2 protein chains.
Amino acid sequence: MTLDEQKKALIERIGIFHEKMGLQPVAGRILGLMYVADRPALTFDEIREELSISKSATSTALNLLIETGPVEYITFPGDRKRYFRLKTSNWRDALTKRIDNIINFKVLLKEVLECRTDKTSEFNTCLGEFVDFLDFLQEELPNLLDKWEKSRVK
Amino acid sequence: MTLDEQKKALIERIGIFHEKMGLQPVAGRILGLMYVADRPALTFDEIREELSISKSATSTALNLLIETGPVEYITFPGDRKRYFRLKTSNWRDALTKRIDNIINFKVLLKEVLECRTDKTSEFNTCLGEFVDFLDFLQEELPNLLDKWEKSRVK
DNA sequence: CTGTTAGTTCAAAATTTTAAGAACCAAATT
DNA sequence: AATTTGGTTCTTAAAATTTTGAACTAACAG
């Protein structure tokens with residue numbers, strides 16, 4: 001495949017980004033490779049070789065990525081290999097899931113408010129505001145996607 | 001302080017939430033404790049005892065939490081202790097920072113687009129859309145806060 | 001029916017992260 | 001001046017995560 005230094009560095013940075021989001025290093029790098037690779041879908045061995053990782057690491061990470069969403073594979077008749085690729089058209093779901101993770105802190109905050117003293121009214125008010133905004137954000141997020149969609153048809 | 005079982009469990013769940021967001025376990029639990037505790041600000045030793053953690057773990061985690069934003073401390077004249085507390089009024093910044101982390105993936109995506117073949121137009125179009133929406137989201141987030149602010153004065 | 005391809009699975013090694021303990025320090029107290 | 005308080009810092013130990021390597025399997029090929 002022969003990736004230049006710039007691309008290799010970019011793969012690592014994309015990997016690190018995903019690591020920070022909780023993914024294991026190898027899985028992050030696989031995503032990086034898939035973003036950067038010219039070929040639209042890569043085989044198990046192309047991935048393994050390009051990243052110099054073991055078969056087991058490749059297998060485990062690919063299955064994780066398929067399981068959790070960002071990757072899928074396609075096959076071709078008369079070819080036993082799987083061709084793995086990013087589900088890029090899926091970015092709406094991926095992004096929504098990510099933002100929902102943040103928004104869901106409100107569930108915990110609501111439980112906190114349930115069991116707090118009412119002696120600390122300023123504190124409680126702030127938490128209440130936060131919960132309230134998270135509720136609002138959850139409702140508005142789909143509208144925002146609509147709004148963007150419309151703004152771009154024109 | 002004597003927290004009941006429900007509160008202890010809630011502290012752990014808040015801890016785990018923050019661990020998933022990349023914080024170390026002890027720091028996450030300290031946040032949990034601060035959300036749940038009746039006292040509005042806690043001393044070093046109250047935190048240490050309530051969570052049964054070492055002085056070094058307490059010190060390191062508190063300094064990290066102060067460094068990264070969510071915690072501050074106050075002092076009182078004639079009292080050498082620090083009283084640590086959540087910066088709850090800061091939730092806007094904290095939330096914005098978190099969402100910005102996600103949005104900033106667009107920086108990497110733009111670099112990806114810079115160095116990709118133009119042979120994979122569907123793929124590239126999807127990435128372009130994603131970048132475009134992330135740009136849009138970054139612009140709209142402050143507006144969303146304004147809109148919420150106004151919706152609640154009424 | 002033997003070998004090869006395209007992986008999977010599992011135990012163990014390597015690495016990283018986390019927390020503890022002990023030594024330390026500066027300010028206040030006795 | 002010695003002790004206590006309220007921490008900090010550094011080294012090491014423990015725990016968790018990540019990755020490897022080796023053995024395995026199922027499908028197909030010769």
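No hydrogens, no waters, no symmetry mates; every other heavy atom, side chains included, goes into these values. In the text below, chain A, chain B and the rest are named by the order of the sequence lines, each starting its count at 1. This is a predicted model, so every value here is computed, not measured.
- Ranked by how close their nearest DNA chain D nucleotide is to the 5' end, B/Phe44 and A/Ala27 are led by B/Phe44.
- Put simply, the side chain of B/Ser59 and the base of D/dG7 share no donor and acceptor less than 3.5 Å apart.
- B/Ala57 comes within 4.0 angstrom of the backbone, heavy atoms only, and of no base.
- One atom, CG of B/Leu62, and another, C1' of C/dA19, lie 14 Å apart when rounded to the nearest Å.
- Relative orientation of the A/Trp91 and B/Phe130 rings is parallel, given thresholds of 30° and 60° on the angle between their planes.
- Contact between the side-chain N/O atoms of A/Arg82 and the OP1/OP2 oxygens of C/dT8 is found at a separation under 4.0 Å.
- At whole-Å resolution of the value, CG in B/Leu42 and P in D/dG7 are 12 Å apart.
- In the interface, the side chain of B/Ser56 is paired with the base of C/dA20 through a donor and an acceptor atom under 3.5 Å apart.
- Distance, B/Asp45 CG to D/dG7 P: 7 Å, rounded to whole Å.
- Under the side chain to side chain donor-acceptor pair (under 3.5 Å) rule, A/Glu72 has a single partner from A/Arg85, A/Arg82, A/Lys87, which is A/Arg85.
- Under the 6.0 Å cut-off for aromatic ring centres, B/Phe105 and A/Tyr35 qualify, their centroids lying closer than that.
- Between B/Glu19 atom CD and C/dT17 atom P there is a gap of 14 Å when expressed in whole angstrom units.
- Where A/Gly22 and A/Lys55 meet DNA chain D, the nucleotide closest to each residue was compared, and A/Gly22 sits on the side nearer the 5' end.
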